[in-house]
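Read the structure below first, then the notes.
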Amino acid sequence: MISWRRITEADFPLLSKWLAEPHVAEWWHHDSSSEGVARDFGPSATGEEPGEALLMYLDGRAVGLMQRSCLDDYPEYAAELAAHTGLPGAAVTIDYLIGDPHDIGVGIGSRMIRHTIEATWTDYPDTPAIIVAVSAANLASWRVLEKAGMHRIAEGEMEPDNPAHDRAHYIYRLDRPPISVP
């Protein structure tokens, strides 16, 4: 079973370990030092950041991190996305990682994303869509979005998280399902 909770400062050593893993560092490109993690994730842990940083669990075991936020809260990033696709107001975006390399490629990522998608429709009742940009070179990342039911809607150049990568990105979207009336 997938579950989650908002990160706390007590999670910073685990985040630091995960961010230092080669499969994470390649794409996230974060400072994995304790100071870097506190700087980058402290505002989420204390609620000062409008987005959420969620520690993801599989059957009670921490397996990954999910970030979820309203694009309206990040106008510069929203503008970068809007240059490539229509962007409805109140859209949500996510970012994600699997921490332990042994958990890669076994379906945990798509389960985490599907769980987050389902919860988003409830947690953000005004959200019409979830929109995610991912580096075109990150095959595993965009494949997991597809396995979770998202659809590629655009391609374009965006600022990469890791400056070693090129600017090519794929943009994925999933619209809120219609409400079925019995």
Side-chain angles (χ1 to χ4, degrees), residues 1-71 73-74 76-77 92-124 127 130-135 137-150 158-165 169 172 174:
M1 178 177 87
I2 297 288
S3 60
W4 69 33
R5 67 167 172 76
R6 186 180 283 273
I7 64 165
T8 67
E9 290 181 9
D11 300 317
F12 290 177
L14 178 60
L15 293 179
S16 180
K17 179 180 182 284
W18 286 349
L19 291 166
E21 289 286 351
H23 73 279
V24 175
E26 171 73 14
W27 301 107
W28 278 63
H29 196 66
H30 272 257
D31 178 354
S32 62
S33 71
S34 56
E35 296 82 14
V37 170
R39 179 192 64 241
D40 293 345
F41 294 94
S44 290
T46 60
E48 298 169 55
E49 177 85 17
E52 301 169 284
L54 307 165
L55 192 62
M56 303 298 290
Y57 291 87
L58 174 63
D59 299 328
R61 180 175 63 92
V63 293
L65 176 73
M66 179 71 64
Q67 291 181 304
R68 179 173 68 166
S69 56
C70 291
L71 286 166
D73 290 331
Y74 299 90
E76 288 180 19
Y77 183 63
V92 165
T93 192
I94 59 172
D95 202 359
Y96 40 86
L97 66 83
I98 300 292
D100 188 319
H102 295 100
D103 289 332
I104 300 295
V106 295
I108 294 171
S110 59
R111 288 178 65 190
M112 282 177 26
I113 292 169
R114 280 193 304 270
H115 179 82
T116 303
I117 288 168
E118 290 304 315
T120 298
W121 303 139
T122 301
D123 298 345
Y124 294 80
T127 295
I130 299 169
I131 300 176
V132 181
V134 63
S135 172
N138 192 344
L139 173 68
S141 188
W142 55 262
R143 286 290 298 136
V144 77
L145 290 172
E146 292 172 355
K147 288 177 184 175
M150 297 195 74
M158 297 179 68
E159 193 64 36
D161 290 329
N162 185 339
H165 295 138
H169 279 70
Y172 284 80
L174 187 64

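Tyr96 and Ser141 make their closest contact through OH-OG, 2.8 Å (heavy atoms, listed as atom of the first residue, atom of the second, distance). Closest approach of Val144 and Ser110 over heavy atoms only: CG2-N, 3.1 Å.
Distance alone, capped at 3.5 Å, places no donor-acceptor pair between the Ser135 side chain and the His169 backbone. With Tyr74 contributing its side chain and Gly51 its backbone, the two residues share a donor-acceptor pair below 3.5 Å.
If you take CG on Leu15 and OG on Ser34, they are separated by 12.0 Å, rounding to the nearest 0.5 Å. Between atom CD1 of residue Ile108 and atom NE2 of residue His102 there is a gap of 12.0 Å, rounded to the nearest 0.5 Å. For the atom pair CE (Met112) and OH (Tyr57), the distance works out to 12.5 Å, reported to the nearest 0.5 Å. For the atom pair OG1 of Thr93 and CD1 of Ile130, the computed distance is 9.0 Å after rounding to the nearest 0.5 Å. Between Leu54 atom CG and Leu65 atom CG the span is 7.5 Å, to the nearest 0.5 Å. Annotation: the span from Trp28 atom CH2 to Asn162 atom CG amounts to 13.5 Å, rounded to 0.5 Å.
Side chains of Glu159 and Tyr77: a donor-acceptor N/O pair is absent below 3.5 angstrom, by distance only. Between the side chains of Thr120 and Arg68, at least one donor N or O lies within less than 3.5 Å of an accepting N or O.
Counting non-hydrogen atoms of neighbouring residues, nucleotides and ligands closer than 6.0 angstrom, the CD atom of Glu9 reaches no more than 12 such neighbours. The 12-atom threshold is exceeded at CD of Glu48, counting heavy atoms of other residues, nucleotides or ligands nearer than 6.0 Å.
Between Trp27 and His165, the ring planes lie parallel to each other; the angle is under 30°, not in the 30° to 60° tilted range.
Residues Arg61 and Asp103 are in side-chain contact: their nearest non-hydrogen atoms beyond the backbone lie under 4.5 Å apart.
Under 4.0 Å is where a charged nitrogen must lie from a carboxylate oxygen, and between Arg5 and Asp11 at least one such pair does.
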* To do: Let me see the working for Met150 and Ile117 under side-chain contact (heavy atoms from CB on, under 4.5 Å), right down to the final yes or no.
  => CA-CA 10 Å; Met150 297 195 74; Ile117 288 168; 4.1 Å; yes
